[in-house]
Amino acid sequence: MTVKPEPIILSQNGGGGSASGEGIPIGRGGRPVDAREDLVGLPTGELERALLALGEKPYRGRQVAEWIYARGARDFAAMTNLPHPLRTKLDQHYRIGSLRETARRETPDRKTRKLALTIPGGGIVESVFMTTPKRYTFCLSAQHGCGFACRFCATGRMGRGRNLAAGEIVEQALRLRRELPPGTQDFNVVMMGMGEPLENYDAVIAALGILTAPAPGGLGLSPKRVTISTVGLVPQIVRLADEGHRYRLAISLHAATDEARSKLMPVNRTFPLASLIRAVTHHVETTGRRVTFEYILIEEINDSIGDAAKLVRLVAQLPCKINLIPYNPIGPGKFKRPSADRIQRFVDYLSPRVAAVTVRYSQGVEIGAACGQLAGVTGEAPR
Ligand code: SAH
């Protein structure tokens, strides 16, 4: 497959959307704005309409869908079952993808790889490829920045950015799929990158619709292999259940009392624990799926046996798994990861009292790719 050349840099300091001397619009970061519509993220029906608009038969839209989603084509030249003039016409009107890989960091064993992807208009989102003994997992971002300001999270320090479009989310998965070893097709998706997926509900659901659509219109991923992680947006949790989505739900809990949780996660003042647990119960009852509670262990903040006892009481009625995440450092601050002994003590208390407990030692801490560390600062030479 041919790689599309990067657009020529016309100006290093072009302001958002301003025009260059030749009248070519320049985006933030000094790149020309590509006015062609991105086809990534469009469902097959819309691709059929796009091809109809070019005077083609709808089946051409299905062929394009297959090239983009099933075969991972990165340009129209690769679409060898389309007539040459059509490929040229498509290239004049449309593009495949909007993101640019501007940096990447990999662990020495290459099991964890963090891609820094520049979004149109400027800004970097990060996506992480993770290898575990049993599977490959793609960690995707839903927003650039995040407005929820969780005290322990690097993305939260960036402040609110913008929602990603469905295509920008799908494209992250398409790019990470290229990282799989040859012959491997299976992967999981976790919406645990930058941003709050349920605040960008429509785009996330549209993107996941394409990831889980069977070929040729999608990537053929089972909904069971998709996890949406949320700070706990109650209305959207209810909506997910009521709309019948079959994705797994993970709740970033991190504390078991309103007082403690509001200090760590300001969103708790809007949706306190009682309302959150009610929404999660509704989700569990409607979908028949157990829920995962994520709980960062922070020394002296939420890692005592008293905290563990409150956690057990809070989730007692729910079929759930508790995923403990030893705190990952994100620069200056008062939070610390507890010692291995303290972590073990917490686990030993929980294990006999809840259905399932796991400890997630995040991958990629050394390359800033672990939970909570994504802040769009992957600084390495572009490649
Ligand atoms: N906004 C969503 C998606 C981000 S998921 C959510 O909050 O669920 C990222 C996960 O990593 C969340 O559970 C988050 O709380 C956790 N996390 C954030 N900062 C962390 C840190 N410094 N160490 C460990 N986990 C962290």
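The model shown is predicted, which means the values in this text are computed figures rather than measured ones. For ligands, and for the atoms within them, numbers begin at 1 and follow the listed sequence.
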A.B. asks: Measure from the ring center of F346 to the ring center of Y295 and say whether it is less than 6.0 Å.
C.D. replies: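 When the ring centroids of F346 and Y295 are compared, they turn out to be within the sub-6.0 Å range.
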A.B. asks: Do R353 and Y349 form a cation-pi contact, if we require the NZ or CZ to be under 6.0 Å from the six-membered ring centre and within 45 degrees of the ring's axis?
C.D. replies: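 Geometry flag: set, cation within 6.0 Å and 45°.
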A.B. asks: Does the pair R95/E37 count as a salt bridge with the N-to-O cut at 4.0 Å?
C.D. replies: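 Here R95 does not pair with E37 in a salt bridge, since their nearest N and O are not under 4.0 Å apart.
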A.B. asks: Is a side-chain donor-acceptor pair under 3.5 Å present for T88 with D91?
C.D. replies: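 No, no side-chain donor-acceptor contact under 3.5 Å.
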A.B. asks: Report, in ascending order of atom number, the atoms of ligand 1 lying under 4.0 Å from any heavy atom of I325.
C.D. replies: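 Here the atoms of ligand 1 in question are 24 (C), 25 (N).
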A.B. asks: I'd like to know if E294 pairs up with K321 as an ion pair, taking the criterion as any Lys NZ or Arg NE/NH1/NH2 lying under 4.0 Å from an Asp or Glu carboxylate oxygen.
C.D. replies: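 Here E294 does not pair with K321 in a salt bridge, since their nearest N and O are not under 4.0 Å apart.
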A.B. asks: Any carboxylate oxygen within less than 4.0 angstrom of a Lys/Arg side-chain nitrogen, looking at D303 and R342?
C.D. replies: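 Looking at R342 together with D303, the answer is yes, because their closest N to O distance falls below 4.0 Å.
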A.B. asks: Got the closest protein heavy atom to atom 11 (O) of ligand 1, with its distance?
C.D. replies: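 Checking every protein heavy atom, the shortest distance to atom 11 (O) of ligand 1 gives C371 CB, 3.3 Å.
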A.B. asks: Side chain, backbone, both or neither: which applies to I296 and ligand 1 if a contact is any heavy-atom pair less than 4.0 Å apart?
C.D. replies: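 Under 4.0 Å from ligand 1, I296 contributes side-chain atoms alone.
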A.B. asks: Using a strict threshold of under 4.0 Å (side-chain N to carboxylate O), is an ion pair present between R160 and E196?
C.D. replies: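 Answer for the salt bridge query: no.
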A.B. asks: Given H254, E199, E294, which one has a non-hydrogen atom that is nearest to atom 14 (C) of ligand 1?
C.D. replies: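 The nearest heavy atom belongs to H254.
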A.B. asks: Give the residue, atom name and distance (to 0.1 Å) of the protein heavy atom nearest atom 7 (O) of ligand 1.
C.D. replies: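 For this ligand atom, the closest protein heavy atom is S252 OG, 3.2 Å.
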A.B. asks: Would you call E171 and R175 a salt bridge, taking side-chain N to carboxylate O under 4.0 Å as the test?
C.D. replies: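 Salt bridge present between E171 and R175.
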A.B. asks: Between F152 and F335, is the ring centroid distance below 6.0 Å?
C.D. replies: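 Here the rings of F335 and F152 have centres that are no less than 6.0 Å from each other.
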A.B. asks: Has R177 got its NZ or CZ under 6.0 Å from the middle of the six-membered ring of F129, at an angle within 45 degrees of the ring axis?
C.D. replies: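 Output no; distance or angle outside limits.
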A.B. asks: So which heavy atom in the protein is nearest atom 18 (C) of ligand 1, and how far is it from that ligand atom?
C.D. replies: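 Looking only at protein heavy atoms, the one closest to atom 18 (C) of ligand 1 is G372 CA, 3.3 Å.
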A.B. asks: Have a look at ligand 1 and work out which part of M194, if any, has a heavy atom under 4.0 Å from it: side chain, backbone, both or neither.
C.D. replies: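 Answer for M194: neither.
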A.B. asks: Does any N or O of ligand 1 fall below 3.5 Å from an N or O anywhere on R360, backbone included?
C.D. replies: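 No: no nitrogen or oxygen of R360 is under 3.5 Å from one in ligand 1.
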A.B. asks: Using a plain distance cutoff, I'd like to know if Y327 has any nitrogen or oxygen under 3.5 Å from a nitrogen or oxygen of ligand 1.
C.D. replies: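 Among all N and O atoms of Y327, none is under 3.5 Å from an N or O of ligand 1.
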A.B. asks: Indicate yes or no: does an N/O atom of G195 lie under 3.5 Å from an N/O atom of ligand 1?
C.D. replies: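 Between G195 and ligand 1 (N or O atoms, distance only) the closest approach is under 3.5 Å.
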A.B. asks: Do ligand 1 and F152 have nitrogen or oxygen atoms that lie under 3.5 Å from each other?
C.D. replies: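 It does: an N or O of F152 is found under 3.5 Å from an N or O of ligand 1.
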A.B. asks: Which residue and non-hydrogen atom of the protein lie closest to atom 9 (C) of ligand 1, and at what distance in Å?
C.D. replies: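 The answer is M192 O, 3.7 Å.
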A.B. asks: List the closest protein heavy-atom neighbour of atom 23 (N) of ligand 1: residue, atom name, distance to the nearest 0.1 Å.
C.D. replies: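 For this ligand atom, the closest protein heavy atom is N328 N, 2.9 Å.
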A.B. asks: May I ask whether G193 places a heavy atom under 4.0 Å from ligand 1?
C.D. replies: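 Yes, G193 has a heavy atom closer than 4.0 Å to ligand 1.
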A.B. asks: Of the backbone atoms (N, CA, C, O) and the side-chain heavy atoms from C-beta on, which set of T230 has a member under 4.0 Å from an atom of ligand 1: side chain, backbone, both, or neither?
C.D. replies: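 Backbone only.
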A.B. asks: What atoms of ligand 1 come closer than 4.0 angstrom to any heavy atom of I330?
C.D. replies: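 It comes down to these atoms of ligand 1: 22 (N).
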